[in-house]
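First listed ligand is number 1; within each ligand, the first listed atom is number 1.
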Amino acid sequence: MKIERIELLHLRMPLLHPFVTSIGSLMEKDFLIIKMFSGGHVGYGESVAMPNPGYSEETTGTSVHIIEEFLIPLLFNSTINHPDDVSNIFAPIRRNNMAKAALEGAVWDLYSKKNGVSLAHALGGTRKSIDVGVSIGIEKSLDELLLKIERYLADGYKKIKVKIKPGYDLEPLAKIREKFGFGIPLMADANSAYSLQDLTHLKKLDAFKLMMIEQPLAFDDMIDHAVLQKELSTPICLDESIHSAEDARKAIELGSCRIINLKIGRVGGLTEAKKIHDLCDNYNVPVWCGGMLEAGVGRAHNIAITSLANFTIAGDTSASDRYWKEDIIQPEVIMSAPGKIAVPTKPGIGYELNEQVIEKYLLGKKTFTNN
Ligand code: OSB
Ligand code: MG
């Protein structure tokens, strides 16, 4: 397929509530939307990078730079027969996975639309609906945390993920178990806030019988996580450390984790995400879809990949109204049943853009023509 034109939209949307983690606090999300035109169809992608380089080294600004200066020229100069070709086309560019994934996601959407199939179907997904959970930031008070959990459980969310950090871990977890019991599916995400020196402390988390603890140690580590996993009965789930199927293989073989949080942006796109899904399936390691506070387009891509069979644990892809007053897609992402989101069956991502909402939050737009 020949890509005729790409539009790069820069938006800034306020979050309904500030999102606080051990990394920092976010009040609004700066992100990019890709519109990719070919043969009367338009494919959509979203850059999920954060406005600042706290979670990973990529930011919205670095994504713009890499997309404009390097990735679009590569795409315009290549023949694309299948979306899987895109990762090879981008291979000369090191890392910058979120920038790559934004464009690659648009190619996948375009390809699905040209073939008249849903993105989920094009990826090999089989689920008609996906189970979803919710990620809850560090709250001002434990009362507020408990209230939020109560509300999200009432909404039907099938996994409660709470952010923890040193000084905010044993007490919130104890309170949650005290109030809601051991029957609720509960996990904790540390976003790399601990080190092996905290081993004795981290072992105390086993008492809470968490589904898993996500990325307790350094963002770039696999070795210490393997040491820690041997000492914990709680499964470790890696997020920040996994950027490719090769990373996933190494982490599994080293024993650094028993579960993988899969984020399309972090691994450079849907093709690599699918590879990781398949690899984990072979190793009997469950995967689930993580989130990056996506707007609707990113959320739609997450829903599509989660329709694959080995996404056996509820992901972080909540309904649009978890984060946004209004989302940039129509319809918005809603629960089709408690804790479930129906996988769209229409061609491509299965959602239209809401241009009125986009107009409201648009900071700028650039057009690139392939001639
Ligand atoms: O560590 O999973 C994370 C959000 C931004 C960056 C990193 C993370 C998160 C979340 C929220 O936990 C996931 C979501 O609901 O989008
Ligand atoms: Mg995480």
Side-chain angles (χ1 to χ4, degrees), residues 13 15-31 46-60 63 97-98 101 130-139 145 148-149 152 155 157-165 186-194 210-221 225 235-243 251 256-257 259-267 287-303 305-306 313-324 327 333 335 339 341:
M13 285 209 301
L15 293 165
L16 272 179
H17 313 279
F19 191 75
V20 183
T21 69
S22 64
I23 303 168
S25 168
L26 203 71
M27 315 282 287
E28 53 189 13
K29 180 98 193 271
D30 234 321
F31 61 96
E46 177 173 330
S47 161
V48 303
M50 290 289 146
N52 53 60
Y55 166 81
S56 87
E57 63 276 26
E58 287 190 89
T59 67
T60 317
S63 293
N97 283 349
M98 295 177 191
I130 60 164
D131 285 355
V132 293
V134 62
S135 172
I136 305 175
I138 291 168
E139 298 297 323
L145 174 69
K148 280 202 172 168
I149 294 175
Y152 289 132
D155 288 345
Y157 281 110
K158 290 183 186 289
K159 186 185 72 187
I160 300 292
K161 160 165 142 182
V162 293
K163 297 287 185 176
I164 56 168
K165 64 176 184 179
L186 179 66
M187 65 167 291
D189 185 0
N191 288 108
S192 302
Y194 301 89
L210 302 174
M211 300 167 79
M212 70 195 92
I213 172 165
E214 184 174 335
Q215 198 75 31
L217 308 180
F219 71 94
D220 54 356
D221 170 77
H225 279 102
I236 291 176
C237 168
L238 287 180
D239 171 358
E240 281 90 331
S241 295
I242 307 294
H243 303 276
S256 319
C257 66
I259 299 173
I260 285 181
N261 166 330
L262 192 35
K263 292 182 183 171
I264 303 162
R266 199 190 63 231
V267 305
V287 293
W288 55 276
C289 186
M292 292 290 290
L293 315 177
E294 286 90 348
V297 171
R299 221 157 270 281
H301 281 88
N302 287 347
I303 294 166
I305 193 76
T306 307
I313 298 173
D316 280 349
T317 309
S318 312
S320 298
D321 69 0
R322 151 77 182 93
Y323 288 111
W324 312 115
D327 204 342
V333 174
M335 283 199 221
I341 293 174

| K159 bridged to D316 by N-O distance under 4.0 Å | yes
| Is any side-chain N of the basic residue among R266 and D239 closer than 4.0 Å to the acidic one's carboxylate O? | yes
| query | Under 30°, 30 to 60°, or over 60°: which ring-plane class applies to W324 and F31, parallel, tilted or perpendicular? | reply | tilted
Polar pairs, ligand 1 vs protein, N/O only, below 3.5 Å.
| residue | atom | partner | partner atom | Å |
| --- | --- | --- | --- | --- |
| ligand 1 | 1 (O) | K163 | NZ | 3.0 |
| ligand 1 | 1 (O) | D189 | OD2 | 3.0 |
| ligand 1 | 1 (O) | N191 | ND2 | 2.7 |
| ligand 1 | 1 (O) | D239 | OD2 | 3.1 |
| ligand 1 | 2 (O) | K161 | NZ | 3.0 |
| ligand 1 | 2 (O) | D189 | OD2 | 3.4 |
| ligand 1 | 2 (O) | D239 | OD2 | 3.3 |
| ligand 1 | 2 (O) | K263 | NZ | 2.9 |
| ligand 1 | 12 (O) | S135 | OG | 3.0 |
| ligand 1 | 12 (O) | K161 | NZ | 3.3 |
| ligand 1 | 12 (O) | K163 | NZ | 2.8 |
| ligand 1 | 15 (O) | D316 | O | 3.4 |
| ligand 1 | 15 (O) | Y323 | OH | 2.5 |
| ligand 1 | 16 (O) | M292 | N | 3.3 |
| ligand 1 | 16 (O) | L293 | N | 2.9 |

| field | Donor-acceptor side-chain pairing of S320 and D327 below 3.5 angstrom | value | yes
| query | Counting N and O atoms only, with roles assigned by atom type, does the side chain of E139 sit under 3.5 Å from a partner on the main chain of L145, one being a donor and the other an acceptor? | reply | no
| query | Are any side-chain N or O atoms of E58 and backbone N or O atoms of N97, one a donor and one an acceptor, separated by less than 3.5 Å? | reply | yes
| message | I want to check something: taking the side chain as every heavy atom from C-beta on, are E240 and N191 in contact at a cut-off of under 4.5 Å? | response | yes
| side-chain contact (heavy atoms from CB on, under 4.5 Å) between S56 and M98, worked out | CA-CA 10 Å; S56 87; M98 295 177 191; 3.7 Å; yes
| Under 3.5 Å donor-acceptor, E294 side chain and V297 backbone | no
| field | Within-2.8 Å protein N/O/S contacts of the Mg ion (ligand 2) | value | D189 OD2, E214 OE2, D239 OD2
